[in-house]
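These notes concern the structure reproduced below.
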Amino acid sequence: MTRIRLFEERTLEVLMQGKLASTMCHVSIGQEAVAAGVCMAMQPQDYLTSTHRGHGHLIARGGDLARMMAELMGKATGYCKGRGGSMHITDMALGHLGANGIVGGHIGIAVGAGLWSSLSQNRAVTMCLFGDGAVTEGVFHEAMNMAAVFRLPVVFVCENNQYAMSLPWSKSTPAVDFKTRAAAYALPGVDVDGQDVAAVYQAACAAADRARRGDGPTLIGAHTYRFFGHSRGDPSAYRDPEEEKRWRARDPLPLFKARALAEGWLDEDAIVRIETEARQAIDAAVAAAEAAPPAADSVAFEDVYAPSGAQQLIDKAVSA
Amino acid sequence: MTRIRLFEERTLEVLMQGKLASTMCHVSIGQEAVAAGVCMAMQPQDYLTSTHRGHGHLIARGGDLARMMAELMGKATGYCKGRGGSMHITDMALGHLGANGIVGGHIGIAVGAGLWSSLSQNRAVTMCLFGDGAVTEGVFHEAMNMAAVFRLPVVFVCENNQYAMSLPWSKSTPAVDFKTRAAAYALPGVDVDGQDVAAVYQAACAAADRARRGDGPTLIGAHTYRFFGHSRGDPSAYRDPEEEKRWRARDPLPLFKARALAEGWLDEDAIVRIETEARQAIDAAVAAAEAAPPAADSVAFEDVYAPSGAQQLIDKAVSA
Amino acid sequence: MTTLMFRDALRQALREEMQRDPRVFVLGEDIGRYGGAYAVTKGLLEEFGPRRVIDTPMSEGTIVGAAVGAAMVGGRPVAEIMYVDFMAYAMDQLVNQAAKIHYMFGGQINVPMVLRTQQGTGRGAGAQHSQSLEAWFTHVPGLKVIAPAIPADAKGLLKSAIRDGNPIVFLEHKGLYALKGEVPDEEYLTPIGVARVARAGDDLTLISYSRGVHVALEAADELARAGIQAEVLDLRTLKPLDIDALIASVRRTRRVVIVHEATLTGGLGAEIAARLSEALFGRLLAPVQRVAAFDVPLPANSRLEKLIVPDAARVVQAARAVLNFSPQETIS
Amino acid sequence: MTTLMFRDALRQALREEMQRDPRVFVLGEDIGRYGGAYAVTKGLLEEFGPRRVIDTPMSEGTIVGAAVGAAMVGGRPVAEIMYVDFMAYAMDQLVNQAAKIHYMFGGQINVPMVLRTQQGTGRGAGAQHSQSLEAWFTHVPGLKVIAPAIPADAKGLLKSAIRDGNPIVFLEHKGLYALKGEVPDEEYLTPIGVARVARAGDDLTLISYSRGVHVALEAADELARAGIQAEVLDLRTLKPLDIDALIASVRRTRRVVIVHEATLTGGLGAEIAARLSEALFGRLLAPVQRVAAFDVPLPANSRLEKLIVPDAARVVQAARAVLNFSPQETIS
Ligand SMILES: Cc1ncc(C[n+]2csc(CCOP(=O)(O)OP(=O)(O)O)c2C)c(N)n1
Ligand SMILES: Cc1ncc(C[n+]2csc(CCOP(=O)(O)OP(=O)(O)O)c2C)c(N)n1
Ligand SMILES: [Mg+2]
Ligand SMILES: [Mg+2]
């Protein structure tokens with residue numbers, strides 16, 4: 001969580017300095033516990049699909065900060081050769097099947113990954129993260145239904161940060177908990193405090209276990225909040241400052257810190273060490289990204305097609 | 001119901017005689033009680049959206065049998081000038097907003113009609129009929145959600161005839177009743193015996209009343225059965241003959257007849273009269289359709305666009 | 001005349017039409033309180049209230065579907081889809097429903113709706129937020145497609161579209177919203193289906209639309225410095241195409257370059273090139289040239305993005321090729 | 001050689017590839033117990049079981065989405081969408097996802113999937129069940145598009161598509177399933193991107209694909225009776241286009257007619273006409289002619305439907321116009 005927070009803060013700085021390659025950038029400050037809790041529940045062979053607000057998901061999955069920052073800056077060393085930008089940073093080698101710019105666009109992909117896991121019995125679980133906005137897209141419904149019918153090993157996690165751009169959750173869909181939503185597909189549904197990393201972790205573990213046992217999907221609603229605007233240039237004028245204050249009081253980082261100290265999971269020293277290491281890692285990542293060469297012009301024209309019939313490349317697909 | 005049954009039977013005959021203009025034709029024998037029950041609950045100003053299996057809906061709404069039969073035969077006097085065929089027979093003057101060949105394609109249209117009713121306060125309710133196959137299309141979900149959020153005067157009626165082509169309902173979606181499905185949108189849901197016209201009528205009335213009061217949509221699951229194949233040339237090999245037998249034992253026509261006699265709604269004479277009149281009406285419709293001229297060649301090229309800016313035409317839209 | 005930004009001209013059109021006709025309403029994602037992702041609808045919620053400025057859930061298919069349904073029963077909806085890329089969720093409602101209803105149902109009803117959406121490059125927004133998909137729409141009978149290049153047309157065409165009575169796809173370009181231009185003070189409508197001469201000239205014709213017109217004009221300026229007078233035609237309406245105007249210009253100049261930001265293969269330029277090559281066979285002094293985006297997706301990297309889409313330099317180069325063309329090269 | 005129906009040739013391809021590679025599986029609506037709406041997959045469920053022949057719920061978007069996801073992690077899905085018209089529900093998954101994933105993610109992964117679907121007229125199936133939408137797909141970088149005309153190619157191309165490693169749209173024509181043709185007995189692959197000479201000739205070139213090839217051949221027969229030898233080229237692959245083969249033929253014949261069943265405006269014929277007109281400027285003896293469906297939706301009336309799509313008579317007429325063309329007409 002610390003790494004995510006610091007990475008996102010630094011991203012905003014870099015953005016302000018005009019160093020990003022794209023104008024599209026969505027940070028997840030305030031939502032770190034969801035990314036961390038979900039990814040901690042994953043095993044190495046598992047898959048993850050992510051969103052336009054996906055930096056945290058990849059960091060929690062173990063993504064390389066330098067390659068991420070390089071991608072943001074459009075550098076040759078970036079995860080997508082400097083061509084994907086913030087919205088598509090992805091590390092397929094980690095089973096991360098892509099951050100997606102189409103809201104809901106990856107939910108079907110998660111079903112497909114789950115389908116192949118079910119057919120090939122590769123014991124992988126797919127964690128499908130999406131925002132509250134995606135819940136009202138048709139694909140959400142089709143995917144929940146298909147995953148339920150085929151009992152696929154997919155865990156659907158709605159990262160409900162209360163807003164889809166300016167649309168509050170209460171106007172997006174009737175006030176229904178995720179348990180009730182899931183019941184429409186005869187699936188278990190869980191509502192969890194998305195500011196509490198332990199709670200998210202527990203829910204994700206239970207769902208992943210269920211999936212791995214072959215009992216099918218689960219729908220998790222992780223209730224959280226984005227502390228900043230939807231994207232740069234959004235002052236969140238549609239939000240009540242009181243509401244923001246209430247949520248900021250439940251910042252997942254201090255909440256975890258307090259809990260960790262109270263439970264004796266970590267001592268003050270360890271916390272300082274974590275923070276220092278995170279800061280250093282991010283400093284190093286930014287430095288490396290800044291030093292890296294920009295994406296070559298030719299990169300714009302590469303990789304439209306995979307070499308035809310190239311079996312090697314096909315087999316390079318994140319394999320089971 | 002009698003009219004529908006006889007019309008559909010005659011349609012199959014005409015089809016076998018090779019007199020239909022299109023190869024597409026889906027009859028609703030076995031499902032008459034749903035069409036009848038739903039349309040009886042409608043007021044003159046109300047709207048209806050319909051499906052590829054829509055003959056019964058239009059007949060129940062008061063459609064002209066001769067124009068329907070003419071449409072099936074591709075005649076100039078058909079509802080759609082002989083250009084729409086079985087799958088699109090429609091009478092806009094009756095607030096029938098179209099039989100649709102895309103499964104689920106009209107559900108958004110129903111939401112739009114409801115939206116305009118809500119905005120213009122025209123006191124119309126929209127009855128949206130669709131098959132069980134449509135329930136798993138994304139549009140179903142989007143439409144349910146949007147209608148719920150805006151509390152639109154729409155009644156969603158799933159005519160669950162147990163199969164989407166060869167796919168049984170049990171493999172289409174998990175076994176969940178419509179009450180539970182509706183709960184995902186905080187809406188009332190009702191499961192009703194689709195072979196019992198009185199039950200369908202009651203449910204539709206209750207839902208229409210609720211909609212007219214401004215309390216929003218309802219989801220009705222009317223459980224029924226198609227006695228024949230999906231379309232011509234489908235022997236329904238995927239169905240258990242025992243199952244067919246069980247359902248045929250619950251033919252909505254004799255069920256209604258028995259009930260009507262028992263309750264004293266109708267006497268034998270009245271029933272004979274109804275049947276005779278229906279048969280005469282259909283004979284007349286077929287005769288008129290056969291006598292009508294075929295659609296002129298020029299009809300293929302007309303009506304691609306409405307005359308631009310033609311306010312008259314725009315105002316001709318089924319008005320509020 | 002008043003100088004207005006493109007987005008403000010669009011907003012004026014919406015306001016005037018909403019004032020004129022109580023049946024006109026707007027719906028879409030983030031168009032109310034947020035004022036639209038590109039601020040076109042800013043202030044309309046305050047002026048017209050939530051019954052006529054409707055913030056919808058994220059459901060592109062049903063936004064379009066609802067517009068179709070409302071249009072059929074008496075409303076005059078103007079739906080906004082935030083990026084044309086998201087139309088990939090809503091093609092059924094537009095193509096199988098809106099475009100076909102008038103025909104399929106024997107002319108019983110029409111679908112007077114406008115679908116506003118936004119497309120194109122300029123923000124390094126990447127492969128899923130920068131496409132130009134007009135060719136999908138222009139291929140569909142029953143739709144009309146409009147893509148204005150200047151504020152005055154943005155306003156006049158949007159007003160005409162709202163009154164047209166057919167389903168209309170109205171394509172704005174994300175790179176044009178801040179463009180300023182003169183807009184008449186009195187009420188006016190710009191006719192659908194009529195191209196505009198953006199610059200007169202006799203030496204060759206540059207044909208474009210939307211942001212491409214400005215690329216063409218920039219190229220024309222550069223050519224003018226070399227003494228070459230290019231005529232620049234702005235299609236304004238992409239379907240129906242004002243083919244007569246194009247033929248008339250090219251019949252005179254005998255040389256033509258078509259410019260668009262959509263990818264080359266299967267872009268609208270192909271249709272125009274095919275028609276001009278046929279109509280002016282033997283009259284053209286050089287083959288029709290197309291300057292379009294290369295056939296690749298778009299990178300989320302503003303610098304790389306620019307390499308893919310046409311710029312004035314590429315247009316000038318194509319123009320020079322057309323001007324210097326010597327027929328001997330291909331006759332063999 | 002064995003004589004097979006088109007649908008049987010397709011089924012052989014699926015069977016052979018499923019036997020060869022355990023990663024290949026098929027999914028779609030009514031493809032298992034029902035055997036497919038057009039009986040292509042009949043018997044596969046019995047042979048390969050429900051884990052490799054998957055009857056899905058009605059959810060076109062997620063059928064395609066699931067194919068994309070499965071392809072990314074090691075599967076080789078072949079998805080069936082019953083009618084191309086229903087692709088309007090699934091354009092996001094095909095265009096924004098499948099086509100862009102390899103590029104957008106820096107080449108990290110590819111999407112080896114085949115999307116089989118069926119299109120065209122011939123059954124009076126109406127506006128929502130008869131479209132020919134290849135131009136939507138050929139406009140999208142990252143996709144390959146195939147549309148075979150004969151059983152041998154149906155088989156050979158489907159096998160190649162399954163092995164290609166890119167997202168492929170495989171377009172079948174509803175009017176061709178019962179067509180019989182010779183199919184080699186030994187295993188073979190038909191290369192993607194290579195056109196086929198369906199009939200050799202020197203007087204003019206007829207270019208088509210899918211069912212249009214048979215219309216062109218019929219026209220060629222009629223022309224032959226008048227002593228005119230038309231060359232008929234079958235594109236087979238629509239994207240990438242084998243433009244070199246087309247140019248080579250037309251360079252020789254100097255006259256060309258393009259035939260397709262999609263509507264004229266913005267159809268693939270426009271792209272071909274644009275390219276040929278450019279490449280063979282000054283070499284052509286007549287303007288490129290396109291014979292396509294008129295720009296209207298399709299009626300659910302078999303008799304009227306026939307009036308809209310090309311038939312041999314219209315092709316012959318266009319061919320005669322091309323042959324009799326006298327350049328004086330347009331040079332002015
Ligand atoms: C299909 C689609 N519609 C609209 C958008 C524009 N858009 C990008 S993010 C966003 C809000 C998404 O809300 P949510 O899913 O809750 O995610 P969050 O931004 O809150 O993380 C919108 C409207 C999009 N990218 N894709
Ligand atoms: C979007 C879409 N997908 C597939 C089809 C092909 N199709 C036509 S009817 C049908 C079955 C529909 O089932 P259901 O909705 O239950 O209606 P029923 O036929 O049982 O009345 C199918 C698969 C279609 N017309 N539209
Ligand atoms: Mg959100
Ligand atoms: Mg059914």
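Just so we're on the same page: letters track the sequence lines, and every chain starts at 1.
In this structure, chain C has heavy atoms under 4.5 Å from both the backbone and the side chain of Leu284(D). Using a 4.5 Å cut-off between heavy atoms, Leu285(D) contacts chain C through its backbone alone, with no side-chain atom that close. In this structure, the portion of Val95(C) lying under 4.5 Å from any heavy atom of chain D is its side chain and not its backbone. In this structure, chain C has heavy atoms under 4.5 Å from both the backbone and the side chain of Leu264(D). Thr263(C) touches chain D through backbone and side chain together, each having a heavy atom under 4.5 Å away. With a threshold of 4.5 angstrom between heavy atoms, Ala286(C) approaches chain D through N, CA, C or O but not through any side-chain atom. Contacts between Thr138(D) and chain C at a heavy-atom distance below 4.5 Å involve the backbone alone (N, CA, C, O). Using a 4.5 Å cut-off between heavy atoms, Ile243(C) makes no contact with chain D at all.
The shortest distance between side-chain heavy atoms of Val250(D) and Arg254(D) does not fall below 4.5 Å. Counting only heavy atoms from C-beta outward, the side chains of Val111(C) and Asn166(C) never approach each other to under 4.5 Å. A 4.5 Å side-chain heavy-atom check between Leu268(C) and Leu235(C) finds at least one atom pair inside the cut-off. Annotation: side chain of Val169(C) is not in contact with side chain of Val140(C) (no heavy-atom distance under 4.5 Å).
Among Ala273(C), Gly267(C), Gly126(C), the residue with the largest count of heavy-atom pairs under 4.5 Å with chain D is Gly267(C). Options Arg275(C), Lys239(C), Met87(C) differ in how many heavy-atom pairs under 4.5 Å they form with chain D, and the most are formed by Arg275(C). Ranked by heavy-atom pairs shorter than 4.5 Å toward chain D, the options Ala90(C), Ala99(C), Pro297(C) are led by Pro297(C).
If you look at Phe86(C) and Tyr83(C), their ring centroids are closer than 6.0 Å. Taking the six-membered ring for Trp, Tyr89(C) and Tyr89(D) have ring centres at least 6.0 Å apart.
No more than 12 heavy atoms of other residues, nucleotides or ligands shown are found within 6.0 angstrom of CZ on Arg320(C).
Remark: Gln128(D) CD to Asp85(D) CG distance equals 8.0 Å, nearest 0.5 Å.
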